Asker: 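Shown below is the structure under consideration.
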Amino acid sequence: MSGKYIFVTGGVCSGLGKGVAASSIGSLLEHHGLKVRMIKIDPYINVDPGTMSPYQHGEVYVTDDGAETDLDLGNYSRFTSSPLERINSVTTGQVYQEVIRKEREGRFLGRTVQVIPHITDEIKSRLFKVGDQPDVDVTIVEIGGTVGDIESIPFLETARQFIHDLGKKRVLFVHLTLIPTVSDGEMKTKPTQHSVASLRQIGIQPDIVLCRAPMPISEELRRKISLFTNVEDEAVISAYDVQSTVYEIPLIFAEQKLNEIILEKLGLPDTPCDLSDWKRVVEAYNTAERTVRIGLVGKYTELLDSYKSIYEALYHGGIDNRCQIELVKVDSDQLPESGISGLEIILKDLDGILIPGGFGQRGIEGMVQAAGYARRNRLPCFGICLGMQVMVIEFARSILGWEDANSTEFAPDSKHGVISLLEDQIDVKAYGGTMRLGASPSRVVPGTHLHRIYHSDEISERHRHRYEVSNSFREELAKAGLIFSAFTPDNALVEASEWPDHPWGIGVQYHPEFKSKPVSPHPLFSTFVAACVRNESA
Ligand code: GLN
């Protein structure tokens, strides 16, 4: 096997955009015709982020094969066409769980089990499982956290061993660092020098440094960084803050020939590279003709990353409709539980609302109120997972008059548990990995709004939930006018619902946001944004 590996590390502090940088590199290499794979390493001890609060971790990104992973896999999916599955996400928890399992099985009998070589070997085997597949040219491994964190040491040590095992022509190190400015605007390189020094201490010399800074770095600064870090002049790349959209980053990197430098260093042929798709995305973003205001009615709204894929998918819908999206975060906890006038003040200037997924009771009543407002006022409304469940609850309360209608997640004893657990799930007690997870097919009902959106009888989308529309109430809800527009192929579960006689009121039990890309926006998001545009111009 001769697959190449690029390790992407981060220095100085977190939140510099390592995921977007790694994804942009992946995209550039794909534009050279290479088969790229992406891996995210998360040094925390959790086996996966599935049980973490969005406040801790941001969104949980779900893969087709049902893995709950870091939100950077969402970035990889938006920028590249690397297949993303369980094996593309590695955590300390998974690695130790496996090594300890083997130890209990007696696979290391007689030996002391240690970080080096047992943990590092397990990490290596996980990376090779992805990167040494026959059709893979380059595997990009993003090491989460910041160089210097205790938790990342075994992963950095593994990366160091890669050079030892595979040689310089197969392994490349890219280090993303921060160039802060001080009060008079002067850019400072000292933190970069320190973070590269700590990488060197563990035996890693970066080949490329990406310098995150508010502005492009000067030639003089570039030379200074090159001198101190021992990285060639042209391999010091300016990763300056973009004015428009993150989708400009592949173009910014390509302007500085980052792709050519990588190809040269890895001994790969320099083939032509046509970036017109990214140029189109950026141009569409920059030449948007109008702005629509979309309210995101959720309970984790203060943290931008909690609904990352939804924000991005809305932006993709905006690109498709030549409009900018102004996201208005509406904390559902703050919405009045009753009192139409209060609701109106908050929601009246919106062109549409989106109710995203979530767990637990907090904020639910506010979401139900918002759904009712949108239904009555013919405001476009998109419910995703919990959002769909809320739309069904609201319909049952308002149209069927079942005041206690609820999900049994929030009101276990409600007589009208229109959203409930499946019989065989009621006794499941564990939390980690026990939901309905990953991709499954659905049958779309011809003649419905959903069918007109997908133009297809069968779709496949990803799930991450425990509760379902209760089959005991399906018939009565349908009789009262609620349209169920998609089902599992065996008809056992409802996958989507829509309001009758409404411009765009659709709830889906699955998560379409995970499959939207800027170059191919998801049709649900495109048509939702289009409905918001119509609302704006009405
Ligand atoms: N809490 C709901 C359930 O488990 C919805 C989950 C979600 O929105 N992802 O079914």
Side-chain angles (χ1 to χ4, degrees), residues 62-66 77-78 81 83-85 309-310 313-314 316-317 320-321 352 354-357 375 380-392 395 418-419 422 435-465 467-532 534:
V62 181
T63 58
D64 268 348
D65 64 347
S77 141
R78 291 184 280 275
S81 46
L84 294 167
E85 295 172 334
S309 292
I310 290 184
L314 284 171
H316 305 162
D320 232 12
N321 288 283
L354 190 151
I355 311 176
R375 190 179 49 74
C381 177
F382 191 178
I384 294 181
C385 209
L386 176 68
M388 171 206 174
Q389 299 175 354
V390 160
M391 287 168 81
V392 174
F395 193 90
V418 290
I419 308 294
L422 297 181
M435 285 185 274
R436 186 170 165 215
L437 284 166
S440 55
S442 311
R443 184 176 59 77
V444 186
V445 179
T448 59
H449 195 173
L450 200 73
H451 197 275
R452 288 195 292 283
I453 289 171
Y454 277 101
H455 299 296
S456 175
D457 293 341
E458 207 187 291
I459 57 171
S460 171
E461 296 279 8
R462 295 179 205 160
H463 294 254
R464 181 174 185 250
H465 58 103
Y467 294 81
E468 308 279 351
V469 172
S470 163
N471 286 331
S472 322
F473 298 103
R474 219 204 254 184
E475 216 179 290
E476 276 167 286
L477 286 161
K479 246 195 225 143
L482 189 63
I483 299 161
F484 292 121
S485 43
F487 299 93
T488 48
D490 59 1
N491 218 24
L493 303 172
V494 170
E495 294 277 32
S497 66
E498 49 196 67
W499 288 330
D501 189 29
H502 191 280
W504 209 106
I506 297 180
V508 291
Q509 187 58 84
Y510 49 81
H511 289 274
E513 69 273 22
F514 294 143
K515 287 173 75 167
S516 188
K517 292 172 188 266
V519 290
S520 53
H522 192 290
L524 275 168
F525 284 89
S526 293
T527 57
F528 171 63
V529 172
C532 297
R534 282 194 295 278

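These numbers come from a predicted model, not from an experiment.
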Asker: To the nearest 0.5 Å, tell me how far Glu85 CD sits from Thr63 OG1.
Answerer: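 Interatomic distance, Glu85 CD to Thr63 OG1, rounded to 0.5 Å: 7.0 Å.
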
Asker: Do the side chains of Cys385 and Gln509 get nearer than 4.5 Å, heavy atoms only?
Answerer: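 Yes, their side chains come closer than 4.5 Å.
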
Asker: Taking all non-hydrogen atoms of both residues, which atom of Ser526 and which atom of Asp320 are closest, and how far apart?
Answerer: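 Closest pair (atom of Ser526, atom of Asp320, distance): OG-OD2, 2.8 Å.
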
Asker: Check whether any side-chain heavy atom of Ser520 lies under 4.5 Å from a side-chain heavy atom of Lys515, and answer yes or no.
Answerer: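 Of all side-chain heavy-atom pairs linking Lys515 with Ser520, none is under 4.5 Å.
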
Asker: If you compare all heavy atoms of Ala439 against all heavy atoms of Ser460, which two are closest, and at what distance to 0.1 Å?
Answerer: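 The answer is CB-OG, 3.8 Å.
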
Asker: Quick one: CG on Leu450 to CG on Leu524, what's the gap to the nearest 0.5 Å?
Answerer: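 Rounded to the nearest 0.5 Å, the CG-CG separation comes to 6.0 Å.
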
Asker: Would you mind reporting whether Phe395 and Leu477 have side-chain heavy atoms less than 4.5 Å apart?
Answerer: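 Yes. Closest side-chain heavy atoms under 4.5 Å.
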
Asker: Would a 4.5 Å heavy-atom cut-off, applied to side chains only, mark Arg452 and His449 as touching?
Answerer: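 A side-chain contact exists here, since the closest heavy-atom pair is under 4.5 Å.
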
Asker: Does the side chain of Ile506 come within less than 4.5 Å of Glu498's, by heavy atoms?
Answerer: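 In contact.
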
Asker: So, for Ile355 and Cys381, which heavy atoms are closest and what is the spacing to 0.1 Å?
Answerer: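 The answer is CD1-SG, 4.3 Å.
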
Asker: Report yes if some heavy atom in the side chain of Leu314 is under 4.5 Å from a heavy atom in the side chain of Val529; otherwise report no.
Answerer: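 In short, these two side chains touch, coming nearer than 4.5 Å.
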
Asker: Any side-chain donor-acceptor pair under 3.5 Å between Ser440 and His463?
Answerer: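 Yes, a side-chain donor-acceptor pair sits under 3.5 Å.
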
Asker: Is Asp501 atom CG crowded by more than 12 heavy atoms from other residues, nucleotides or ligands, each under 6.0 Å away?
Answerer: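 Counting neighbours around CG of Asp501, 12 or fewer heavy atoms of other residues, nucleotides or ligands fall under 6.0 Å, so no.
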
Asker: Under a 4.0 Å threshold between the charged nitrogen and the carboxylate oxygen, would Glu495 count as salt-bridged to Arg436?
Answerer: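 Here Arg436 pairs with Glu495 in a salt bridge, since their nearest N and O are under 4.0 Å apart.
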
Asker: If you measure from OG on Ser497 to CD on Gln389, what distance do you get to the nearest 0.5 Å?
Answerer: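 If we round to the nearest 0.5 Å, Ser497:OG and Gln389:CD are 10.0 Å apart.
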
Asker: Output the distance between atom CD1 (Ile310) and atom CD1 (Ile384), rounded to the nearest 0.5 Å.
Answerer: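 Ile310 CD1 to Ile384 CD1: 4.0 Å, rounded to 0.5 Å.
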
Asker: Check for a donor-acceptor pair, side chain of His465 on one end and backbone N or O of Tyr467 on the other, with a separation under 3.5 Å.
Answerer: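 Looks like yes, one N/O pair under 3.5 Å.
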
Asker: If the test is ring-ring contact (aromatic ring centres under 6.0 Å, His included), which one of Tyr454, Phe514, Phe528 qualifies with His522?
Answerer: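 Only match with His522 under ring-ring contact (aromatic ring centres under 6.0 Å, His included): Tyr454.
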
Asker: Indicate yes or no: at least one non-hydrogen side-chain atom of Phe525 is less than 4.5 angstrom from one of His316.
Answerer: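 No, every pair of side-chain atoms sits at 4.5 Å or beyond.
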
Asker: Hey, is the main chain of Pro446 close enough, under 3.5 Å, to the side chain of Asp457 for a donor-acceptor pair?
Answerer: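 Checking the backbone N and O of Pro446 against the side chain of Asp457, no donor-acceptor pair under 3.5 Å is found.
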
Asker: Can you check whether Arg462 reaches Asp64 side chain to side chain, under 4.5 Å on heavy atoms?
Answerer: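 Yes. Closest side-chain heavy atoms under 4.5 Å.
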
